Amino acid sequence: GAGVSQSPSNKVTEKGKDVELRCDPISGHTALYWYRQSLGQGLEFLIYFQGNSAPDKSGLPSDRFSAERTGGSVSTLTIQRTQQEDSAVYLCASGKGGGSNTGELFFGEGSRLTVL
Amino acid sequence: LAKTTQPISMDSYEGQEVNITCSHNNIATNDYITWYQQFPSQGPRFIIQGYKTKVTNEVASLFIPADRKSSTLSLPRVSLSDTAVYYCLVGGPNTGNQFYFGTGTSLTVIP
């Protein structure tokens, strides 16, 4: 597709369940980011992938959060044993990687997670 | 990592020019300055990017002084549809490619 695609757009789950959020970046973009945005707040950096290199996981809030990026393209963010404080919009962004990564990122519409 | 500081909120009347300033005192030599716009229930959208001096596109202008410790996003003749949150972002390939968004500036355009 032409833009960054995220699914599902909305997810309601019960506390303690696991959830998977998917991001399909723009074709050819080697950089991929996950951010979290709680209601009325700014964006919180979670994780950064550059091609097939080991990801920068420094923003993941706990070991319940993990992410993978298969074949340098599609990424999945997994939250295990969800808690109510995990409720937020999870945003994915892609961009040109490596030395061309100056901060021009293209965002998806986000996945809104609600944990009951 | 360069931290950024912006005003939390601003109000402006329609038709006015709006200037939003971002402070980034510890910007690194090869860092770029990028501004984003975010509407409710949408992902942020790239507006403009610069390295030094002035950059202008069809949407906005970006002014960067010689010391690069701050930058100013200028929106000419704002309309109601410019009501959004505006984020300043600083970073680049030589500072780990980590791009941290601050809390942004919530701009409200008043009729």
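When reading the values below, keep in mind they use all heavy atoms of this one structure, side chains included, and skip hydrogens, waters and symmetry mates. Within every chain, numbering begins at 1; the chains are lettered A, B, ... in the order of the sequence lines, protein sequences first and strands thereafter. All values reported here derive from a predicted model rather than from experimental measurement.
- Around the CD atom of Q83(A), the shell of radius 6.0 Å holds more than 12 heavy atoms that belong to other residues, nucleotides or ligands.
- One finds the OH atom of Y48(A) at 10.0 Å from the OH atom of Y35(A) (value rounded to the nearest 0.5 Å).
- A distance of 5.5 Å separates CD1 of I20(B) from CG of L75(B), quoted to the nearest 0.5 Å.
- Of the listed residues (Q37(A), E44(A), Q50(A), R112(A)), the one with the most heavy-atom contacts under 4.5 Å to chain B is Q37(A).
- With values rounded to the nearest 0.5 angstrom, R36(A) atom CZ is found 6.0 Å from D86(A) atom CG.
- With a 4.5 angstrom heavy-atom cutoff, Q41(A) touches chain B only via backbone atoms.
- For chain A, no part of Y51(B) is nearby; none of its heavy atoms comes within less than 4.5 Å.
- Looking at L91(A), the atoms closer than 4.5 Å to chain B (heavy atoms on both sides) all sit in the side chain, from C-beta outward.
- Note that SG of C88(B) is 11.0 Å distant from CD1 of I47(B), once rounded to the nearest 0.5 Å.
- Between chain A and the options P40(B), G104(B), P44(B), heavy-atom pairs under 4.5 Å are most frequent for P44(B).
- Proximity to chain A involves both the backbone and the side chain of Q42(B), based on heavy atoms less than 4.5 angstrom apart.
- Grouped with V19(A) in one hydrophobic cluster are L21(A), L32(A), W34(A), L46(A), I47(A), F49(A), L60(A), F65(A), L77(A), I79(A), Y90(A), L113(A), V115(A), the linkage being side-chain heavy-atom contacts under 4.5 Å among Ile, Leu, Val, Met, Phe, Trp and Tyr residues.
- Neither the backbone nor the side chain of S106(B) comes within less than 4.5 Å of any heavy atom in chain A.
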